[in-house]
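Read the structure below first, then the notes.
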Amino acid sequence: MGFLIHTLVTAFAFWCTTQLISGISFSGPLNMIIAAVVFGIVNALIRPIALVLSLPLTIITLGLFILVVNAAMLWLTAKLMPGMQVASFGAAFLGAIIIAVVSWIVGRLVAGQQLA
């Protein structure tokens, strides 16, 4: 059940991102849900390796380089998904920030409702 909720929250974050940033688009809602699954897989398999490899830069920038790693994971997801398009790295950077914030807020709301 947690995987389904997490996937739907990520798909909602993708939708919010498409509403706010013109450089990110999806061909349809089903593609957005599939992209959420692919994004989860990319974050589970590739992001930890990228974080370890970029640890010196992350330390030097006091953690801000993690935003670049998140943007790279979003860009990689777009490259793996035929119906998802990211126009530039700047769009991926802003999109990664919006996705993280929306996922965090909605995740907190969903977690709060489950505890009640």
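Side chains are part of it too, since the values below use all heavy atoms of this structure and drop only hydrogens, waters and symmetry mates.
- Of all non-hydrogen atoms in Leu45 and Ile49, the two that sit nearest each other are O-CD1, 3.6 Å.
- A distance of 9.0 Å separates CD1 of Ile33 from OG1 of Thr7, quoted to the nearest 0.5 Å.
- Taking a 4.5 Å side-chain heavy-atom cut-off between Ile, Leu, Val, Met, Phe, Trp and Tyr, the cluster of Leu55 extends to Ile59.
- Among residues at least two apart or in separate chains, ring pair (Phe, Tyr, Trp, His ring centres under 6.0 Å) pairs with a member in residues 20-50 are Phe14-Phe26, Phe14-Phe39.
- Among residues at least two apart or in separate chains, there is no side chain to side chain donor-acceptor pair (under 3.5 Å) pair with a member in residues 80-101.
- Across Ala92 and Leu74, no two heavy atoms sit closer than the pair O-CD2, 3.5 Å.
- Looking at Leu51 and Val69, their side chains come closer than 4.5 Å, going by heavy atoms from C-beta outward.
- Listed by first then second residue, pairs satisfying side chain to side chain donor-acceptor pair (under 3.5 Å) with a partner in residues 42-65 read Arg47-Asn70, not counting sequence neighbours.
- Ile24 and Ala91 get closest at one heavy-atom pair: CD1-O, 3.4 Å.
- In terms of heavy-atom proximity, Met84 sits nearest to Ala35 at SD-CB, 4.1 Å.
- Applying the side chain to side chain donor-acceptor pair (under 3.5 Å) test to every pair with at least one member in residues 18-40, sequence neighbours left out, gives these pairs: Ser27-Asn31.
- When all heavy atoms of Ala11 and Met32 are compared, the pair lying nearest together is O-SD, 3.5 Å.
- Going from atom CD1 of Ile99 over to atom CZ of Phe12 covers 12.0 Å, rounded to the nearest 0.5 Å.
- The aromatic rings of Phe93 and Phe89 sit tilted relative to each other, their planes meeting at an angle between 30° and 60°.
- Taking CD1 from Ile98 and CG from Leu20, the interatomic distance works out to 4.5 Å, rounded to the nearest 0.5 Å.
- Applying the side chain to side chain contact (heavy atoms under 4.5 Å, CB included) criterion to Ile105, with sequence neighbours excluded, gives Val101, Leu109.
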